[in-house]
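Sequence lines set the chain letters: A, B, ... in the order given, protein chains first and strands last, and positions in each chain run from 1.
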2 protein chains.
Amino acid sequence: MASTLNHTHDAAARSWVASANAPGCDFPIQNLPLAIFHRADSNEPLRGGCAIGEQIVDLAALAGTGLLAGDAQTACEACAQPALNGYFALGSRHWRALRHALFDLLRDNAPADTKDRVRTCLVAQSDAHYGLPARIGDYTDFYTSIHHAINVGKLIFPDNPLTPNFQWLPIAYHGRASSVRVGQPGFGFTRPSGQAMAPGAAQPAYGPCARLDFELEMGFFIGPGNPLGTPIPIAQAQEHIAGMVLLNDWSARDHQFWEMNPLGPFLGKNFCTTVSPWVVSLEALAPYRLPFTRPAGDPQPLPYLDGEANRAGGSIDVQLQVRLDTPAHRECAAQPSAIARTSFRHQYWTIAQMVAQHTVGGCDLQPGDLLGTGTVSGPTPQEAGALVELSKGGRAPVTLDATGEQRGFLEDGDTVILRGWCEKDGAARIGFGECRGTVLASQGS
Amino acid sequence: MASTLNHTHDAAARSWVASANAPGCDFPIQNLPLAIFHRADSNEPLRGGCAIGEQIVDLAALAGTGLLAGDAQTACEACAQPALNGYFALGSRHWRALRHALFDLLRDNAPADTKDRVRTCLVAQSDAHYGLPARIGDYTDFYTSIHHAINVGKLIFPDNPLTPNFQWLPIAYHGRASSVRVGQPGFGFTRPSGQAMAPGAAQPAYGPCARLDFELEMGFFIGPGNPLGTPIPIAQAQEHIAGMVLLNDWSARDHQFWEMNPLGPFLGKNFCTTVSPWVVSLEALAPYRLPFTRPAGDPQPLPYLDGEANRAGGSIDVQLQVRLDTPAHRECAAQPSAIARTSFRHQYWTIAQMVAQHTVGGCDLQPGDLLGTGTVSGPTPQEAGALVELSKGGRAPVTLDATGEQRGFLEDGDTVILRGWCEKDGAARIGFGECRGTVLASQGS
């Protein structure tokens, strides 16, 4: 499934936008992710932009310069909208054309007059406020980390933590599209209230969530999609993935565990989900594809979930980190405390398998639909992607290194920061930026 | 929660559209439901219409006549669109104004020139093809029939069919909005394929669904809705319900029962959901509201799910019927066989409680969102709203009275027809029409 590498993957390429060449920069010229933005506190329309270093190329402005032609111009015009649905619908030929054209315009050897004209389209990221990358028709969340499934399963079903279906199909449930927001500085959501059954209680009670959690996930947006009744074969799945983001599936564990039998999570998840603003293309991630393998003795996927390309490059080595910033951190100006670190390469199912599974019965995916991967937890305890795992259901609170505070679950004022990046020798760093959100006190409290 | 009755509920009122006065007509002048339609096989734009007898008042045409004013004209203009989202967003004051204005225009004592002008806006229902009433942002399906929960629970967990949460909260899961279609003559969907674990098998297998089922439900569309983080209190819930429809939650039981542990139904449900074209307002249903009660000994709802209006009129006595039309019926020109009959009044939770529960944690509902009630099954075996219940998991196939055929689950070519209506002495009949759909053979078979 790995794309062929081409000149846009050349690790030596540099941009005339100097900040793109800084070590550790998430957005070098080899990345070129897209977002929806406008200047904060302005009444400018939302429109598409491309990250380069600490700048944004305003694609609505660029579409008017005459610098692009053909598929690249068509794609750029599709980005000059308040959502990327139209761009996602165009498909991989257009996605590639725009990315390659932007690479040429931003490379240090571009003609001087080109640089001058592109420079007029630049907006500083520090000035930007982001909108959702797409109008999300439907949001689906998978459950594809076997380590997460076992960690959480042990808390609910200690004798039988892994359900028999887990190793046979990528399990998923439908999420709530209306409550997806961009996780960016300044974003907060209200601690949800609801019904929970306390351990040992005779009856459930209503109140603010007492076990509020994050879930470290990745998400991806659907490109062209499929009509009802026509599955997407796994060999074509990659052509329907417009790009990836970080995703936080905020969870109210007390509400969730009480409500979810037998129909799954509902209020425990639908009060808020956040995604990072920048959509990273699969082409940019191509150097970080890895063979998809199964542990010895585990079942091999059924043929509709199997395939040459998936086996060759189905996994992606995205480094993931969770940091926590609390009011106490801010009081003493401490850096956020890192509380978990893992890689997306540990997932038991690939994103192509998720697309194939989602559509095998004929369900129609539409441009801009969002699919989450489920919590990304790695094989060791420190690689768990949720507090409920890290703190063993709250019984073993996590100590925050910068302040010495402890957290079993999230407290009011806590800010969770997800970060993701790919890095290795011989390839450019490909970053996802951050996905952040802050817990605001319940309105009744 | 019952609306006050007014002159539009006068059972003696008659329309100058003669078919509206026929005994057994679903759409008398006291009903006035709305749909989205155009003439079949035309390229006319989809727009809103109001049912009267066997006719449709074209609301886009009516908006141009000058016959309406004020809130009614505003509401009518909002209906002159390819979806009713804008109309739903206006809220109950506008809904009532349009319904009352249509009542006056269509009543037999309307002035002759009014009749002449409205007559130019009529389209025969037999000429119509329907679109979805709204662009559905999110679709949620509840699980609020205790009889259904026990019947199905016994098939999966014989010792403990009812989960401990059922009597404390209206359970729900997120459904798939993209695959909702109008269930009208000519509509069919492909039998889904997928993965299932056969009883006694060593491993799951891929194939066409072998246990395809319907689910008799009601659905309702959301009106103004709520911002993220701001729950809708139960006392205000009715103001956010724009109207009700019939809903068929088609289900692939073999796929569903294999996949749904622990996160609930996914592919078992998302290949197709159908709704009836006509949206019946709560005002039209006001004469059929009943007190909401709990069996002695059952827990009383927590305060956020309780309230005076809900207790006084939370239940609705909608008669529901399922009929099956098979290729053998059509060969011998037999009427469809009735296979189930019940009433919506048996639901354990009310539609107001569903809205209050959905939003209690802050989840935002948007105009045009669709909420399903879950399968409506009554207290006796003949009142079950799904084949899996009627046939006891396929072990006791249902005999179709018109042909003598048997059905454990649905076969290719079978058409399921849901019907709903309210009827009692001293009130006009309020009908929902039909929701119908046909099973088409799997593409691989």
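- Heavy-atom pairs under 4.5 Å with chain B peak, among Leu263(A), Leu302(A), Thr190(A), at Leu263(A).
- Between Gln195(B) atom CD and Leu305(A) atom CG the span is 6.5 Å, to the nearest 0.5 Å.
- Using cut-offs of 30° and 60° on the angle between ring planes, the pair Tyr304(B) and Tyr206(A) is tilted.
- Comparing Gly175(B), Gly362(B), Pro192(B), Gly137(B) by heavy-atom pairs within less than 4.5 Å of chain A, the highest count is held by Gly175(B).
- Rounding to the nearest 0.5 Å gives a distance of 9.0 Å between CG of Asp138(A) and CG of Asn270(B).
- Below 30°, between 30° and 60°, or above 60°: for Phe142(B) and Phe266(A) the angle between ring planes is above 60°, a perpendicular geometry.
- Here CD of Gln366(B) is found 9.0 Å from OG of Ser179(A). Values are rounded to the nearest 0.5 Å.
- Neither the backbone nor the side chain of Arg135(A) comes within contact range of chain B; no heavy atom of the residue lies under 4.5 Å from a heavy atom of that chain.
- Listed for the Ser178(A) side chain is a donor-acceptor partner under 3.5 Å among the backbone atoms of Asp364(B).
- Using a 4.5 Å cut-off between non-hydrogen atoms, the part of residues 159-167 of chain A that approaches chain B consists of Thr163(A), Pro164(A), Asn165(A).
- Contact of Leu169(A) with chain B is made through backbone and side chain together, with heavy-atom distances under 4.5 Å.
- Gly361(B) and Phe271(A) get closest at one heavy-atom pair: O-CB, 3.3 Å.
- Considering CG of Asn261(A) and CG of Asn261(B), their distance stands at 8.0 Å, rounded to 0.5 Å.
- Closest of all the heavy-atom pairs between Ile171(B) and Glu259(A) is CG2-O, 4.5 Å.
- In this structure, the separation between NE2 on His174(A) and CG on Asp141(B) is 11.0 Å, given to the nearest 0.5 Å.
- Interface remark: of the candidates Arg181(A), Met197(A), His255(A), Lys269(A), Arg181(A) forms the most heavy-atom pairs closer than 4.5 Å to chain B.
- Considering CG of Leu267(B) and NE2 of His358(A), their distance stands at 7.5 Å, rounded to 0.5 Å.
- No donor-acceptor distance shorter than 3.5 angstrom exists from the side chain of Arg176(A) to the backbone of Thr140(B), with no hydrogens or angles considered.
- In this structure, no portion of Ala149(A) lies under 4.5 Å from any heavy atom of chain B.
- Chain A forms more heavy-atom pairs under 4.5 Å with one residue of Pro265(B), Gly268(B), Gly194(B) than with any other, namely Pro265(B).
- Taking chain A as the reference chain and counting heavy-atom pairs below 4.5 Å, the highest number among Ala172(B), Gly229(B), Gly153(B) is found for Ala172(B).
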